[in-house]
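Order of listing sets the numbers, starting from 1, for every ligand and every atom in it. FYI, side chains are in, hydrogens and waters are out, and symmetry mates aren't considered; it's all heavy atoms of this structure.
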Amino acid sequence: MTTTTTFSMQRVDPYSPPLEHLRIQRESPISQVQWRERPLWVITKHADARTMLGDTRFSSDRSLPGHPTNAGYTSAAKLKNLIEMDPPEHTQQRGRIMNEFTVKKIAAMRPRVEEIVEEAIDAMLASGTEADLVAALSLPVPSVVIAELLGVPAEDHALFQDNSAAFVDADSTQDERIAAMGALKEYISGLVADRVQNPGDDLLSRQLAAGAPTDELAALGFLLLIAGHETTANMISLCVATLLDKPELLQQLRDDPSLLPGAVEELLRYFTIAEVGGLRLATADIEVGGTLIQAGEAVFALTNTANRDPEVFADPDRIDFTRGARNHLAFGFGPHQCLGQNLARLELEVVLEAVVRRLPTLRLAEGFEGIVFKEWGPNYGVYSLPVAW
Ligand code: HEM
């Protein structure tokens, strides 16, 4: 066991998890470190991360005292959502919503996602010869997709999109962010109330018909927006930045578009952007990888480091579209594994296919060095991506 006071989530090399985490993986793969002034077990190997994330005795309930994500939590102020629940509550709520996200349901969305992406690229090309790809493509695509998934009427898309963008915009002040979040919550609650009166053939109406209480559904709608917007946007930006920085990878996709699904999987593994998805609280004494973790201790599965585990991914720091990386942990693992993963894969595939096909002269307007990365999370990504064509 190692105790270090230098544990930090900051990424310094844009293509790597923090080097300190890779060192822990090599030298002492389950270690106790100091983080935010308290001890935290970090789990860095792929197999151990799966064991931990698959065991619900490691709790996701952030209202529990001692939970590593508990800071500032006020249970009266907010309704718990799916991502911070344990069984049986979690099993029941997730069971109700799961059939909205099956491979088949999501595959049926492909033609509409393609239209959304084509329209965003049309608008970007019509705007001139330079753009910020984050504002032109990465943020609007997932925002429109989620709006349509939730059944937000077309006339409200601008309000929905403006507030979603303000919520994640680095230039927004804290007050602006809180105001945008409040407006979105209020909007989604209003949408749920409307579906009670006027049910239609949409996700919210189907959930109401299946017995979901209105406040639970409003919290879920908001979670879908938060969980599915900035994450997907960050991945779109990182994928495009990588292809423009490494022309040999871009050329591979030009020569053989059938590599796209493998490329998406590999880039999901490579960047593993959800930095804080693996935080849990042990509610029993549990052994993981030969180390006893005691009830009441905080635990963190470092999925970005686990996804560079050389025992699972040979030559893990190399980007290889043909490696078959599907067993990565970028969407987490176990009962909380990303509900929207099929949708995220679809959006990434459609966007990358369109970028490769439609933007043959696309380049980084200020070089790779000019990109400012979100080094501190909670999701890894870029703040803006100046491109030209
Ligand atoms: C590239 C994009 C995405 C990444 C990397 C990502 C990553 C993750 C991760 C790591 C978790 C597990 C968190 C934990 O274990 O506590 C998660 C959960 C979740 N994600 Fe995603 N996600 C993405 C896109 C989406 C999309 C598009 C949606 C839906 C529209 C979505 C909805 C959710 C929900 C609802 C959960 C909670 C599931 C539960 O607690 O049972 N995500 N996501």
Taking the side chain as every heavy atom from C-beta outward, state whether P14 and F368 have any pair of such atoms under 4.5 Å apart. yes

Any sub-3.5 Å donor-acceptor pair from S28's side-chain atoms to I24's backbone N or O? no

How close does the nearest protein non-hydrogen atom get to atom 16 (O) of ligand 1, and which residue and atom is it? G277 O, 3.0 Å

List ligand 1 atoms under 4.0 Å from A330, heavy atoms only on the residue side. 5 (C), 7 (C), 10 (C)

To which of L279, L53, L150, L224 does the heavy atom nearest atom 30 (C) of ligand 1 belong? L224

protein heavy-atom neighbour closest to atom 29 (C) of ligand 1 works out as G340 CA, 3.8 Å

Ligand-residue contact atoms, ligand 1 with L223, heavy atoms, under 4.0 Å: 35 (C)

Nearest protein heavy atom with distance in Å, relative to atom 32 (C) of ligand 1: A227 CB, 3.6 Å

Best match, F333, F101, F331, Y380: closest heavy atom to atom 6 (C) of ligand 1: F331

Only heavy atoms of A344, strictly under 4.0 Å: list the atoms of ligand 1 that pass. 1 (C), 2 (C), 24 (C)

Does a side-chain heavy-atom distance below 4.5 Å link L238 with Y270? no

What I want to find out is whether R11 reaches E375 closely enough, with some N-O distance under 4.0 Å, to be called a salt bridge. no

Heavy atom of M85 under 4.0 Å from ligand 1? no

Between ligand 1 and P335, can you find any atom pair, the residue atom being a heavy atom, that is separated by under 4.0 Å? yes

With E216 as reference, evaluate R96, K80, Q207 under the side-chain hydrogen bond (donor to acceptor under 3.5 Å, both in side chains) test and give the passing residue. R96

Does H328 have its ring centroid less than 6.0 Å away from the ring centroid of F313? no

Is it the case that ligand 1 has an N or O less than 3.5 angstrom from some N or O of E347? no

When you measure from the side chain of E84 to the backbone of S60, do you find a donor-acceptor pair of N or O atoms at a distance under 3.5 Å? no

Could you identify the single nearest non-hydrogen protein atom to atom 27 (C) of ligand 1 and state the distance to 0.1 Å? G228 CA, 3.5 Å

Atom 34 (C) of ligand 1: which protein heavy atom is closest, and how many Å away? L339 CB, 3.8 Å

Going by heavy atoms, is E275 under 4.0 Å from ligand 1? no

Can you tell me which residue and heavy atom of the protein come closest to atom 38 (C) of ligand 1, and the distance to 0.1 Å? R94 NH1, 3.4 Å

Side-chain heavy atoms nearer than 4.5 Å, only ILVMFWY residues, links allowed to pass through others: does that put Y383 and F167 together? no

Heavy-atom contact under 4.0 Å between S60 and ligand 1? no

Judged on heavy-atom distance to atom 15 (O) of ligand 1, which of Q337, R280, M235 sits nearest? R280

Which is it for I273 and ligand 1 at heavy atoms under 4.0 Å: side chain, backbone, both or neither? side chain

Using side-chain hydrogen bond (donor to acceptor under 3.5 Å, both in side chains) as the criterion, point out the one residue from N304, T305, T303, N307 that pairs with T272. N307

Do the non-hydrogen side-chain atoms of V113 and V351 ever get within less than 4.5 Å of each other? no

Is the backbone N or O of E230 less than 3.5 Å from a side-chain atom of N234, with the two atoms forming a donor-acceptor pair by type? yes

Are L133 and S138 side-chain neighbours, meaning at least one heavy-atom pair lies under 4.5 Å? yes

What's the shortest distance from atom 40 (O) of ligand 1 to any protein heavy atom, and which residue and atom give it? H336 ND1, 2.6 Å

State the OG1-CG distance between T242 and L250, to the nearest 0.5 angstrom. 11.0 Å

Please state which protein non-hydrogen atom is closest to atom 20 (N) of ligand 1 and give its distance, to 0.1 Å? C338 SG, 3.2 Å

Close side-chain approach of D315 to D320, heavy-atom, < 4.5 Å: no

Counting only heavy atoms, which portion of A274 has something under 4.0 Å from ligand 1: side chain, backbone, both, or neither? side chain

Any nitrogen or oxygen of H90 lying under 3.5 Å from a nitrogen or oxygen in ligand 1? Just yes or no. yes

When you look for heavy atoms under 4.0 Å from ligand 1, do you find them on the side chain of N234, its backbone, both, or neither? neither

